[in-house]
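In what follows, chains carry the letters A, B, and so on, assigned in the order in which the sequence lines appear, proteins first and then strands, with residues in each chain numbered from 1. Predicted model only: the values in this text are computed from it and were never measured.
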Protein chains: 2
Amino acid sequence: MTAADQDRNISSSFAKGLAVLAVFDAETPSMTLAEIARRSGQDRATARRGALTLVQAGYLRQDGRMLSLTPRVLALAGGFLQANQFGRRVQPVLNRHARQMETEVTLAMLDQGRVLLLAQSTVEHGHITYGFTAGSHIPLAHTSLGRMLLAGLPEGQSAGVLAETDLPRHTETSLTDTAVILERVVQAREQGYCLTDSEFESGITGYAVPVSRPGRTPIVAGCSAPRGQQPEADAERLLRGLQLCAAELRQAEAVDHL
Amino acid sequence: MTAADQDRNISSSFAKGLAVLAVFDAETPSMTLAEIARRSGQDRATARRGALTLVQAGYLRQDGRMLSLTPRVLALAGGFLQANQFGRRVQPVLNRHARQMETEVTLAMLDQGRVLLLAQSTVEHGHITYGFTAGSHIPLAHTSLGRMLLAGLPEGQSAGVLAETDLPRHTETSLTDTAVILERVVQAREQGYCLTDSEFESGITGYAVPVSRPGRTPIVAGCSAPRGQQPEADAERLLRGLQLCAAELRQAEAVDHL
DNA sequence: GCATCAATGTTCGCTTTGCGAACGCTGTCA
DNA sequence: TGACAGCGTTCGCAAAGCGAACATTGATGC
């Protein structure tokens, strides 16, 4: 019993159970007990109790020895989305701008050293992405959304957060040097937008602009498109669109209290 | 210690904590400890431990004495959405059909005596709804989605599920007699679609068709629109669109294992 | 302004829960 | 065929958390 974690106000069983649920946030569709235990860093018996409790509560389904999430977890997110009126204040704005820009527009924030997608426009003509949705995590260091988020942090913090994330090479042109990436972050902060090219998906350019007011928890909007014939013209058009979208979200105070 | 609930495989602390988290699924944006305790039917001290644990885990935020969900809960849903490839296999289909039909198209299933929205297309010109999103709950008895879901249950079960839900009158024309509602459910099962008018929102007609194959967990698709000049023509057009959408989802096996 | 009361947040002793070493089972390799 | 590695499950004992009791806050009456 170390001094610090001896907090009688925190329920450790509950915390461990939550870790079991959170383990499914990866793109692993279903897992065995042992796998859950390994990924959540818990004893197999502990993970088992957590998983069985989740099954009983209806958040997990058990098929033989495989466990997978049930749709009920959506209800947890639904609480958040309704409380913040995403359906009325955010989604329509994203959709409208996406329509005009002819790409998908994504709203995102920082979460545990990764980019958490908060909302995504739903348009027909968007280029085929990986199929990310609200609630998906994408890398911080090699996406324009991620770098723009880092740029939104108080001056000193960006380096710290970046240092704690690992830097897998997604493509051949992914930057690997932390210092170089930080340079791009600083550049993004100064110019008020961020561009990346082929660092996450080959041939795809990413665009991002800040949405939250300076000093607040960083929220950004972004989009991506295949690199076309006139990169500069595309960039200007898409960034202008994103800026308009961001301004409208700010004015609606849609993201002020996240 | 009663005999039944003495299951050493279930972690009661965890189950109680989950109940705290689930309490936020209502449209209550933020609550005090006492309110959480009341709504989750727990002792205040118990609710407090659960809430503080959720705060530490980053799922709840504490502003003074008010507690509210953080965006991190989206990540839990994200795991489900990515595991089932909603972004690639469901959302594009809904969007395309919604565009052609010029309405929102919603995918839904049963959850705890209510309709759980699984996914929703959004088009620009759709009529303004309550702002529901994926993860939202809507009533079972007075929506076409809900009645179509009841129709998808094995013959005897519909009545049982319906009996356990309460029937608030949303509008003046909401049906209140369980027997009459059940009649409509049977009718929906026989004709393969469901229509409701002004029972949930005044002046709005709801349309729904089944998506899942018979015998499976019921999944339905639906849409709604203001009652127009030619109700029959509208109904025919929208139902045809929904049927096409449902057929495509079935063919893509997008919802077979929910 | 002070006393009263109701409702909320917090503490701590006693009991219960759930931790994890140990077990048995199943499939795999030499 | 025997050894082994990995899995799910059990059970005695330590510690985690339940809830009665205690503070604390704030509204209401006089």
Side-chain angles (χ1 to χ4, degrees), chain A residues 1-24 26 28-70 79 83, chain B residues 1-24 26-70 83:
Chain A
M1 57 163 87
T2 53
D5 56 3
Q6 202 60 4
D7 190 343
R8 302 270 269 114
N9 300 324
I10 301 288
S11 164
S12 68
S13 319
F14 182 25
K16 287 174 191 171
L18 281 173
V20 169
L21 189 56
V23 136
F24 284 86
T28 329
S30 62
M31 288 188 250
T32 65
L33 276 179
E35 202 166 350
I36 293 171
R38 226 176 296 121
R39 291 216 192 204
S40 63
Q42 296 178 333
D43 190 272
R44 288 204 308 285
T46 306
R48 179 171 177 267
R49 275 188 297 275
L52 289 179
T53 306
L54 285 166
V55 168
Q56 194 194 250
Y59 294 106
L60 283 187
R61 159 174 310 136
Q62 190 164 19
D63 290 330
R65 51 178 49 188
M66 299 311 272
L67 293 150
S68 53
L69 291 172
T70 70
Chain B
M1 56 165 85
T2 53
D5 56 4
Q6 202 60 6
D7 191 343
R8 302 273 269 116
N9 300 323
I10 301 289
S11 164
S12 69
S13 318
F14 181 26
K16 287 173 190 171
L18 281 174
V20 170
L21 188 57
V23 137
F24 285 85
E27 55 275 359
T28 329
S30 62
M31 290 187 247
T32 65
L33 274 180
E35 203 166 348
I36 293 172
R38 228 175 296 118
R39 291 216 191 203
S40 63
Q42 296 178 333
D43 191 271
R44 288 204 309 285
T46 306
R48 179 172 179 264
R49 275 189 297 276
L52 290 179
T53 306
L54 284 165
V55 168
Q56 194 196 252
Y59 294 107
L60 284 186
R61 157 175 312 136
Q62 190 164 20
D63 290 330
R65 52 177 46 188
M66 299 312 271
L67 293 151
S68 53
L69 291 172
T70 71

Inset, instruction - Determine the minimum heavy-atom distance between A:Gly17 and A:Leu54, stating which atoms define it. - result: O-CD1, 4.3 Å
Inset, instruction - Name the nucleic acid region contacted by B:Ile10, choosing base, sugar-phosphate or nothing; use a 4.0 angstrom heavy-atom cut-off, strictly under. - result: sugar-phosphate
Legend entry - Whole-Å gap separating P (D:dT10) and CG (A:Asp43): 15 Å
Legend entry - Distance, rounded to the nearest Å, where A:Met31 contributes CE and D:dC7 contributes P: 13 Å
Inset, instruction - Give the minimum heavy-atom separation between B:Ser40 and B:Ala19, together with the two atoms involved. - result: CB-O, 4.2 Å
Could you list, one pair per line, each protein nitrogen or oxygen that sits under 3.5 Å from a nitrogen or oxygen of nucleotides 4-9 of chain C, together with the distance?
unit_1, atom_1, unit_2, atom_2, d
C:dT8, OP1, B:Arg38, NH2, 2.8
C:dG9, OP2, B:Ala34, N, 2.8
C:dG9, N7, B:Arg44, NE, 3.2
C:dG9, N7, B:Arg44, NH2, 3.3
C:dG9, O6, B:Arg44, NH2, 2.7

Inset, instruction - In whole angstrom, give the distance that lies between atom CZ of A:Arg49 and atom P of C:dG20. - result: 8 Å
Inset, instruction - Examine C:dT17: is either OP1 or OP2 under 4.0 Å from a nitrogen or oxygen in the side chain of B:Ser11? Give yes or no. - result: no
Legend entry - Distance test, side-chain N/O of A:Ser12 to OP1/OP2 of D:dA16, below 4.0 Å: no
Legend entry - Spacing of B:Gln56 atom CD relative to D:dG17 atom P, expressed in whole Å: 12 Å
Legend entry - Pairwise distance CZ(A:Phe14) to OG(B:Ser12) - rounded to 0.5 angstrom: 12.0 Å
Legend entry - Nearest to side-chain heavy atoms of A:Asn9, which nucleotide of D:dG17, C:dG20, C:dT11: C:dT11
Inset, instruction - Answer yes or no: is there a donor N or O on one side and an acceptor on the other, between the side chain of B:Gln56 and the main chain of A:Ile10, under 3.5 Å? - result: no
Inset, instruction - Tell me what B:Leu52 touches on the nucleic acid: a base, only sugar-phosphate, or nothing, going by heavy atoms under 4.0 Å. - result: nothing
Inset, instruction - Specify the separation, in whole Å, of atom CD1 of A:Ile36 and atom C1' of D:dG6. - result: 16 Å
Inset, instruction - Give a yes or no on whether the backbone of B:Met66 and the side-chain of B:Ser30 come within a donor-acceptor separation of less than 3.5 Å. - result: no
Legend entry - Nearest-Å distance for atom pair CG/C1', residues A:Leu67 and D:dT9: 15 Å
Legend entry - salt bridge (charged side-chain N to carboxylate O under 4.0 Å, His left out) contacts in which one or both residues fall within residues 36-50 of chain A, not counting sequence neighbours: A:Glu35-A:Arg39
Legend entry - Interatomic distance where CD belongs to A:Gln42 and C1' belongs to D:dT9 [whole Å]: 17 Å
Inset, instruction - Using a cut-off of strictly less than 4.0 Å, decide whether B:Ser13 has a side-chain nitrogen or oxygen near OP1 or OP2 of C:dG18. - result: yes
Inset, instruction - Answer whether the closest heavy-atom distance between the side chains of A:Leu67 and A:Arg61 falls below 4.5 Å. - result: no
Inset, instruction - Using whole Å, report how far CZ of A:Phe14 lies from C1' of D:dG17. - result: 14 Å
